[in-house]
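Have a look at the structure below, then the notes.
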Amino acid sequence: MSATEPLGLESPAARRGPLAMEAVELTKLYRLGRRSVLKAASSVSFGLYRGAVVALVGESGSGKSTVAKLLAGQERPTSGKILLDGKPVEVSRRHAFRRFKSTVQYVFQDPFASLNPVHTVRYHLSRPVRLHRGRLGRAEMDSVLTGLMEQVRLTPAQQFLAKYPHELSGGQRQRVAVARALAAEPSVLLADEPVSMLDVSIRLEMLNVLDALRARFSLALLYITHDIASARYFADEVLVMYAGEIVERGPAEELTQQPAHPYTQLLVSSAPDPDDLGSVLRHGGGSALRQAGEGGAGVGGCHFHPRCPFAVERCRTQAPPLVRIDRTRAAACWRLEVTAPTLLAGARARGEGGNADVVEM
Ligand code: ADP
Ligand code: MG
């Protein structure tokens with residue numbers, strides 16, 4: 001079963017290669033106090049395919065890192081499951097879990113926090129190489145490390161291998177973090193805001209490095225960002241997250257050209273010039289996306305209604321389900337019942353009620 005099947009969605013953009021990993025109805029609750037619980041991720045489903053980039057887009061606090069941590073095995077889902085090569089990941093089985101840990105690698109947002117200041121780049125990279133391949137002779141290890149450095153374009157390799165983190169720029173550190181992830185020869189790379197802490201002038205280049213690695217190793221890449229412009233530039237498929245839920249999903253180009261959900265429309269309209277994404281990446285942008293949302297997961301009805309210019313009474317009381325709006329796209333907004341009447345009318349005519357093509361969130 002594919003993650004997208006409940007909606008009957010096709011996802012030609014993301015299906016460049018075989019399905020590597022699937023999130024199936026992943027939900028994560030965090031207990032905040034004795035009486036309050038935060039739904040950081042709510043029934044999140046999607047597939048990651050070899051050689052393709054899926055972007056998870058949303059402002060700070062929308063639950064993006066929670067999803068990445070669940071996929072990386074750093075947090076346990078409250079409900080739902082994760083499939084790797086079609087098989088459920090079982091955290092309790094040590095051997096299987098170790099294999100899972102090397103197959104799925106996570107690159108963090110903060111390149112300054114991810115490296116240990118007392119160790120050289122060589123140390124940071126040789127440990128995962130040893131863990132993954134066992135003991136290697138000096139010459140062999142050297143050639144593996146040199147190869148890793150070349151893949152992230154940190155050359156001359158020998159010079160960079162001898163350096164300590166404080167001798168590197170943010171961009172260089174992030175490349176070391178990516179090289180370290182590659183040391184385990186992963187099939188899935190989870191890149192959590194990999195460029196958002198880097199100087200705008202080097203973001204595009206970093207994304208190009210990731211894209212070259214995706215192509216070369218046929219990586220299934222989850223690219224997490226608050227910047228929809230970079231998602232359009234970089235991803236095949238885009239998932240828009242708001243208050244723990246996927247509110248819209250679809251092929252990157254179509255979704256950003258004709259956003260269906262009011263929140264996606266807000267993201268797109270606050271990106272400075274959606275048609276000149278190279279310039280957006282070079283000069284920064286999407287600042288409106290950075291502020292944490294008011295309302296959010298604690299709000300009844302549609303989580304987005306306090307910020308939505310189109311909200312009507314129903315939006316305050318009933319949460320809209322994610323519905324298919326065409327062959328490849330879905331969104332969760334009551335307005336789409338009006339703008340996509342044929343789909344819903346067709347469903348009713350087939351005697352399936354209004355809930356055909358619907359996944360209750
Ligand atoms: P994003 O990566 O999109 O900024 P996160 O996934 O980090 O969002 O966080 C989603 C929500 O979950 C936020 O409200 C955050 O405060 C909350 N959260 C994340 N981790 C924890 C935790 N360990 N305990 C309690 N709340 C958490
Ligand atoms: Mg985050």
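Residues: numbered from 1 along the sequence shown. Just follow the structure's listing: the first ligand is 1, and inside any ligand the first atom is 1. Worth saying up front: this structure is predicted, and the values here are computed from it rather than measured.
The CG atom of L125 sits 6.0 Å away from atom CE of M149, with the distance rounded to the nearest 0.5 Å. Atom CD in E75 sits 10.5 Å away from atom OG in S65 (nearest 0.5 Å).
At under 3.5 Å, a nitrogen or oxygen of G61, whether backbone or side chain, sits near a nitrogen or oxygen of ligand 1. Every N/O-N/O distance between K69 and ligand 1 stays at or above 3.5 Å. Every N/O-N/O distance between L32 and ligand 1 stays at or above 3.5 Å. Backbone and side-chain nitrogen or oxygen atoms of K64 are examined, and one is located within less than 3.5 angstrom of a nitrogen or oxygen of ligand 1.
Between the side chain of T256 and the backbone N or O of R232, no donor-acceptor pair lies under 3.5 Å. A donor-acceptor pair is defined here as one N or O able to donate and one able to accept, closer than 3.5 Å; such a pair exists between the side chain of Q174 and the backbone of P194.
Annotation for ligand 1: atoms under 4.0 Å from non-hydrogen atoms of T66 are 5 (P), 6 (O), 9 (O), 10 (C). Applying the 4.0 Å criterion to heavy atoms of A40 picks out, from ligand 1, the atoms 12 (O).
Hydrophobic cluster membership differs between F160 and Y164, with clusters built from Ile, Leu, Val, Met, Phe, Trp and Tyr side chains linked at under 4.5 angstrom.
Ionic pairing of R133 and E185 is present here: one or more N-O contacts between side-chain nitrogen and carboxylate oxygen are shorter than 4.0 angstrom. Look at E254 and R329 and you find no salt bridge, because none of the NZ, NE, NH1 or NH2 atoms lies under 4.0 Å from a carboxylate O.
Given atom 8 (O) of ligand 1, the protein heavy atom at minimum distance is G63 N, 3.2 Å. Protein heavy atom in closest approach to atom 27 (C) of ligand 1: Y30 CD1, 3.4 Å.
H261 and Y263 have perpendicular rings, their planes meeting at more than 60° on a 0 to 90° scale where under 30° would count as parallel.
At a heavy-atom distance under 4.0 Å, no atom of M241 approaches ligand 1.
The protein does not reach atom 16 (O) of ligand 1 closely, with no heavy atom under 4.0 angstrom from it.
Residue T66: no N/O/S atom is found under 2.8 Å from the Mg ion (ligand 2).
With atom 14 (O) of ligand 1 as the reference point, the heavy atom nearest to it among D192, L38, L70 is part of L38.
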- Kindly determine whether R216 and E150 satisfy salt bridge (Lys or Arg N to Asp or Glu O under 4.0 Å), including the steps that lead there. CA-CA 13 Å; R216 175 157 182 192; E150 283 167 357; over 6 Å; no
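Ligand 1 has at least one atom lying under 4.0 Å from a heavy atom of S62. Using 4.0 Å as the threshold, E193 has no heavy atom nearer than that to any atom of ligand 1.
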